[in-house]
Every structure is written in structure tokens, then in C-alpha cells.
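Numbering starts at 1 and runs along the sequence shown. None of these values were measured; they are calculated from a predicted model. Both counts, for ligands and for their atoms, begin at 1 and track the order of listing.
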Amino acid sequence: MHQAKIINLPKILDERGNLSFFQNEDHLPFSIQRVYWIYDVPGGEVRGGHAYREMQEFIIALSGSFDVVLFDGKDEKKFTLNRSYYGLYVPKMVWRSMENFSTNALAFVATDSFYDEKEYIRDKNTFLNEIHDTK
Ligand code: TYD
């Protein structure tokens, strides 16, 4: 799990309202190719539950809160995201689930690739086999 990490973003405090941002290479260890977001998640639902072969992600709770659970084939770690001025960097080949969404949670995700279903490993045993093959 050594590569997964919380990245703190700039926070421009202003009495008119605060502002945060990230831009290519300055704050993330990759260049952004695509963004997507997850919203209107019914209580108790779990999203994700897969790994990416090469893709990396940066996940922010722009609103509300949720947990991201990461599993690298050996260790599991839970990150609670609940502020919009930091996010979680998720490297490739980590199994990740998103759960415990609050009402009105908005999960914003930046990635380094276009959407490609071939990037996904959706079966946990396949993930375990592939991760052991690469080590
Ligand atoms: P998926 O990443 O599988 O979400 P989750 O793992 O949380 O269920 O995406 C759900 C569907 O959305 C998937 O079938 C394909 C589509 N999708 C796109 O077309 N483009 C995208 O950028 C993403 C993230 C998903």
C-alpha cells in the first residue's frame, strides 16, 4: 500500500468563500485525461469493487463523505474522505471499493486515461492472480 496516499491541495482562504484546485503535474503524480463523478448514491450502496491494470486515480469528496477501502493483495486500508481540500491518490493494481456514502456525497475522480473496460479487473481472484504474477 506504500504508493497510495492522501494529497493535500492548495486552500485559498477567503472570507467570500474558500477555493481549492489541482493542476497537471503540480499536485498529482500523473497528467489528467478524464474526470468523472459519482453522486445520488443510495444509503448502504457500494461502488467500485475493482482494480485497474495501468490506470491511476485521484479521488476527492467534493461534498459529503465516504470511505475508500484499498487492498493491495496483502494489506487493506480504509481512507475516510470528507473535505474538499485533499484527496486520495490510488495507484494501479490496487483493489478499491467506495462505501459508507453520506447523503449528498459527491465523489470526484481524476484519472490518467480514457475509459477502457480492458483496464478493469472486476474479479477478485483474477486480481490476486495478476498481482502475484507481477511480483
Ligand atoms: P464503473 O467504473 O464500473 O463504476 P463502479 O465500479 O462504481 O460500478 O462504471 C460504471 C459504468 O459506467 C461502466 O459500465 C461504464 C460506465 N463508465 C463510462 O462509460 N465512463 C467512465 O468514465 C466511467 C468511470 C464509467
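Within a 6.0 Å radius of CD in E117, more than 12 heavy atoms belonging to other residues, nucleotides or ligands are found. Within 6.0 Å of CG on D116 lie more than 12 heavy atoms contributed by other residues, nucleotides or ligands.
Among all protein heavy atoms, the one lying closest to atom 8 (O) of ligand 1 is R47 NH2, 3.2 Å. Atom 14 (O) of ligand 1 has Y115 OH, 4.1 Å as its closest protein atom, hydrogens excluded (heavy atom only). In this structure, the protein non-hydrogen atom closest to atom 24 (C) of ligand 1 is R34 NH1, 3.4 Å.
The shortest distance between side-chain heavy atoms of F21 and L9 does not fall below 4.5 Å. When side chains are defined from C-beta on, I7 counts as touching F58, because their heavy atoms get closer than 4.5 Å. For the pair V68/L81, a side-chain contact is recorded, criterion being any heavy-atom separation below 4.5 Å from C-beta on.
A heavy-atom separation below 4.0 Å is not found between G49 and ligand 1. Residue contact check for ligand 1: Y120 places a non-hydrogen atom closer than 4.0 Å to it. Residue contacts with ligand 1: R122 is included, with a non-hydrogen atom under 4.0 Å away.
When only interatomic distances are considered, the shortest N/O to N/O separation between H50 and ligand 1 falls below 3.5 Å. The shortest N/O to N/O separation between G48 and ligand 1 falls below 3.5 Å. Considering both main-chain and side-chain atoms, E117 never comes within under 3.5 Å of ligand 1 through any nitrogen or oxygen pair.
The CZ atom of R96 lies 9.0 Å from the CZ atom of R47; values are rounded to the nearest 0.5 Å.
Residue W95 forms a ring-ring contact (aromatic ring centres under 6.0 Å, His included) with just one option from F71, F127, Y120, and that option is F127.
Within the 4.0 angstrom cut-off, atom 18 (C) of ligand 1 has one or more protein heavy-atom neighbours. Protein heavy atoms come within 4.0 Å of atom 22 (O) of ligand 1.
Side-chain atoms of E25 and S31 include a donor-acceptor pair closer than 3.5 Å.
Interface of Y36 with ligand 1, defined as ligand atoms under 4.0 Å from a residue heavy atom, comprises 24 (C).
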